[in-house]
K.L.:
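Encoded as structure tokens, here's the structure I'll be asking about.
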Amino acid sequence: MNSSAFDIAADVRAGRVSARDVVEQHLATIADREADVHAFNLVMADVARRQADAVDGDVAAGHDPGPLAGVPLALKDNLCTRGVDTTCSSRILQGWKPPYDATVVTRLRDAGAVAIGKTNLDEFAMGSSTENSAFGATRNPRDLSRVPGGSSGGSAAAVAAGFAPLALGSDTGGSIRQPAALCGVVGMKPTYGTVSRYGLIAFASSLDQIGPFATNVRDAALLLETMWGHDPLDSTSIASPLPTLVQGLDDGVRGLRVGIVEELTDVEGIDPEVRAAVSSAARALEDAGASVDRVSVPSTMYGLDAYYLIAPAEASSNLARYDGVRYGLREEGTDIGTMNANTRDRGFGAEVKRRIMLGTYALSAGYYDAYYGQAQRVRTLIVRDFAAAYERFDVLLSPTSPTIAFEAGSKTADPLAMYLSDVCTIPTNLAGHCAISVPFGSDSVHNMPIGVQILGRELADALIFRVARALEVNRGA
Ligand code: GLN
């Protein structure tokens with residue numbers, strides 16, 4: 001099933017195809033390959049069938065089900081779904097059923113989308129390969145010996161495998177863009193505050209953002225356009241109206257100034273073929289009428305270091321709520337303190353424990369200013385350096401990930417090597433900006449996809465979609 005979300009919705013709305021048939025076709029694809037890929041923690045076959053029937057009922061009654069009529073949608077399993085297991089791929093949440101839906105889930109269902117399953121992730125979204133899941137790793141559909149990236153690896157793999165044309169992920173330091181690049185699909189992190197996070201289980205609240213996955217730029221724009229906008233239930237959500245995204249997508253890049261970020265392109269350990277892909281993407285944009293130059297954004301070099309203090313600090317606070325009383329797992333103990341410790345010891349995996357300890361240390365009296373305070377100062381520098389770059393350029397360009405998808409198991413023993421996977425994506429989160437990854441070629445040895453990243457300042461979401469679309473049109477084969 002290779003139809004775009006756009007085409008499916010158009011066919012379903014016009015009554016040419018039934019939403020039920022669309023769901024059945026996708027469930028058949030899932031039945032075929034899911035055992036190898038393991039994109040899902042849960043396939044919601046019956047719920048999806050019921051939702052599809054409701055969409056068909058609307059069409060039959062002459063009501064328009066909405067812009068995503070009958071389009072199967074995969075949800076990262078850190079998005080709350082009422083009455084349906086939501087695990088964050090952690091044992092600590094096993095069996096917990098949220099009493100409410102995330103705002104994005106409600107909005108997309110109201111637009112006719114059909115939630116088809118909950119996708120696997122690195123536990124609590126901490127990781128870059130989806131190997132940190134308590135329920136087994138996800139594999140890259142393009143080569144099952146390789147990782148799909150992470151932490152939204154299940155969502156990226158679901159779209160790449162044709163299990164669903166659309167998926168949602170969350171991006172705290174690159175968790176949408178990096179797996180999109182590694183699986184050869186489009187993935188986008190919107191500007192902080194544009195998409196409601198009500199019902200997204202928090203990892204690092206000053207960085208977390210929900211965003212779209214799709215096989216093509218237009219579908220990703222449609223998905224974001226349908227779900228974003230103010231939500232009174234999320235106090236960080238932007239109150240002013242947001243622009244349309246699909247309209248204007250094909251306006252081209254003539255006259256736009258594009259800056260290739262030196263620090264993110266000449267980064268240590270970069271695969272020469274990835275760097276070459278960025279150069280040819282730059283050339284494609286030049287051919288389409290943009291002007292391209294190199295630009296230095298010096299403090300982005302320290303993004304990774306700042307992130308690995310700020311994100312764990314926030315996580316250590318956000319994850320304090322899993323105490324054996326309020327959610328999921330409880331391991332008994334002789335008193336409440338022991339019960340609490342036993343629950344957290346059994347419930348959390350190694351990476352989550354590492355982050356909680358790192359964050360607790362960084363926030364402790366005597367170290368707070370040296371670590372957390374210093375990281376916040378670096379964050380301010382990154383914001384300033386980006387602001388200077390955006391005085392000269394409309395958008396910036398870099399690799400999404402320094403490498404193609406790596407072999408499963410090759411980085412699990414070395415957390416630092418794993419962290420380096422996000423070196424190109426993290427600065428965007430620290431700045432609160434938007435960025436998108438678009439497939440642009442593949443490597444010559446393994447034929448694995450390469451992703452190019454387009455970065456924009458806050459609220460430049462429509463602009464980066466337009467540039468991404470130009471790259472998609474001009475990428476040749
Ligand atoms: N890989 C990064 C981390 O492990 C980013 C994760 C994310 O964006 N959720 O923290």
Side-chain angles (χ1 to χ4, degrees), residues 75-79 88-90 119-133 137-138 147-156 167-183 187-190 192 195 197 200-213 267 303-319 348-359 362 375 379 400-403 405-406 411-412 414-437 451 453:
L75 301 169
K76 188 174 182 178
D77 202 16
N78 59 356
L79 290 164
C88 279
S89 290
S90 180
T119 61
N120 197 13
L121 61 148
D122 288 297
E123 187 176 0
F124 282 100
M126 297 172 188
S128 308
S129 66
T130 318
E131 293 168 297
N132 291 338
S133 165
T138 298
V147 303
S151 66
S152 315
S155 287
L168 293 185
S170 63
D171 191 312
T172 306
S175 277
I176 294 174
R177 291 160 285 158
Q178 185 260 16
L182 271 45
C183 289
M188 193 262 182
K189 187 204 94 77
Y192 186 81
V195 180
R197 299 176 304 167
L200 168 69
I201 297 176
F203 164 9
S205 307
S206 77
L207 302 160
D208 297 340
Q209 184 63 75
I210 297 168
F213 284 98
V267 74
L304 195 74
D305 309 65
Y307 173 89
Y308 275 97
L309 290 163
I310 293 169
E314 295 185 19
S316 70
S317 163
N318 274 327
L319 271 58
F348 289 136
E351 184 61 29
V352 174
K353 286 177 183 161
R354 178 162 28 242
R355 304 281 179 110
I356 291 173
M357 286 190 281
L358 259 172
R379 190 171 188 175
T400 305
S401 155
T403 67
F406 39 92
K411 295 191 183 182
T412 38
D414 183 354
L416 287 181
M418 192 70 92
Y419 296 173
L420 276 169
S421 241
D422 297 297
V423 67
C424 303
T425 46
I426 278 172
T428 290
N429 300 75
L430 289 168
H433 291 170
C434 56
I436 185 167
S437 180
Q453 180 177 227

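Each ligand, and each atom within it, is numbered from 1 in the order the structure gives.
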K.L.:
Is it the side chain, the backbone, both or neither of Gln209 that has a heavy atom closer than 4.0 Å to ligand 1?
P.N.:
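The answer is neither; Gln209 stays 4.0 Å or more away.
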
K.L.:
With a 4.5 Å cut-off on side-chain heavy atoms, are Leu121 and Ser152 touching?
P.N.:
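The answer is no, as the side chains (C-beta and beyond) never meet within the 4.5 Å cut-off.
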
K.L.:
Using a 4.0 Å cut-off to any heavy atom of Phe203, which atoms of ligand 1 qualify?
P.N.:
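Near Phe203, meaning under 4.0 Å from one of its heavy atoms, ligand 1 has 9 (N), 10 (O).
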
K.L.:
Measuring from atom 9 (N) of ligand 1, which candidate in Gly169, Gly173, Ser175 has the nearest non-hydrogen atom?
P.N.:
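Nearest option to atom 9 (N) of ligand 1, by heavy atoms: Ser175.
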
K.L.:
Would you check if Lys189 and Arg177 make a side-chain contact, meaning some heavy-atom pair closer than 4.5 Å?
P.N.:
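When only atoms from C-beta onward are counted, Arg177 and Lys189 do touch, with a gap below 4.5 Å.
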
K.L.:
Write out the residue and atom name of the closest protein heavy atom to atom 2 (C) of ligand 1, then the distance separating them to 0.1 Å.
P.N.:
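Looking at atom 2 (C) of ligand 1, the protein heavy atom closest to it is Asp422 OD2, 3.3 Å.
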
K.L.:
Under 4.0 Å from ligand 1, counting heavy atoms only, is it the side chain of Tyr308, its backbone, both or neither?
P.N.:
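Tyr308 to ligand 1: side-chain contact only, backbone stays beyond 4.0 Å.
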
K.L.:
Parallel, tilted or perpendicular: which fits the ring planes of Phe348 and Phe124, with parallel below 30° and perpendicular above 60°?
P.N.:
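The arrangement is perpendicular - the two ring planes meet at more than 60°.
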
K.L.:
Hey, does Met126 come in under 3.5 Å of ligand 1, counting only N/O atoms on both sides?
P.N.:
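No, no N or O pair falls under 3.5 Å.
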
K.L.:
Looking only at protein heavy atoms, identify the closest one to atom 10 (O) of ligand 1 and say how far it is in Å.
P.N.:
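It is Tyr307 OH, 2.6 Å.
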
K.L.:
I need the atoms of ligand 1 closer than 4.0 Å to a non-hydrogen atom of Ala125, numbered in the order shown.
P.N.:
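So the atoms of ligand 1 that pass are 6 (C), 7 (C), 9 (N).
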
K.L.:
Would one find an N or O of Lys76, backbone or side chain, under 3.5 Å from an N or O of ligand 1?
P.N.:
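There is no such contact.
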
K.L.:
Does the residue Glu351 have a heavy-atom contact with ligand 1, meaning some pair of atoms that are separated by less than 4.0 Å?
P.N.:
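No, Glu351 has no heavy atom closer than 4.0 Å to ligand 1.
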
K.L.:
Side chains of Ser401 and Gln178: any donor to acceptor distance under 3.5 Å?
P.N.:
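Their side chains do not contain a donor-acceptor pair, so the 3.5 Å distance test is not met.
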
K.L.:
Should the proximity of Tyr419 to ligand 1, defined as any heavy atom under 4.0 Å, be assigned to the side chain, the backbone, both, or neither?
P.N.:
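Contact part for Tyr419 vs ligand 1: neither.
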
K.L.:
Which ligand 1 atoms, with their elements, are less than 4.0 angstrom from a heavy-atom of Ser128?
P.N.:
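Those atoms are 1 (N).
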
K.L.:
Quick check: do Ser206 and Ile310 have side-chain heavy atoms less than 4.5 Å from each other?
P.N.:
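Heavy-atom side-chain distance check passes, below 4.5 Å.
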
K.L.:
Any side-chain heavy atom of Leu319 within less than 4.5 Å of one from Met126?
P.N.:
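Answer yes - side chains close enough.
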
K.L.:
Can you list the atoms of ligand 1 that are under 4.0 Å from a heavy atom of Ser151?
P.N.:
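So the atoms of ligand 1 that pass are 9 (N).
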
K.L.:
Taking the side chain as every heavy atom from C-beta outward, state whether Ser151 and Lys76 have any pair of such atoms under 4.5 Å apart.
P.N.:
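Ser151 vs Lys76: side chains touch.
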
K.L.:
Hey, are Ser170 and Asp208 close enough side-chain-wise for a donor-acceptor pair under 3.5 Å?
P.N.:
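No, no side-chain donor-acceptor pair sits under 3.5 Å.
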
K.L.:
Will you find, in the side chains of Ser437 and Thr400, an N or O donor that is under 3.5 Å from an N or O acceptor?
P.N.:
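On atom types as modelled, these side chains qualify, holding a pair under 3.5 Å.
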
K.L.:
Using a 3.5 Å cut-off on N or O atoms only, is Gly174 in polar contact with ligand 1?
P.N.:
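Yes, Gly174 has an N/O under 3.5 Å of an N/O on ligand 1.
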
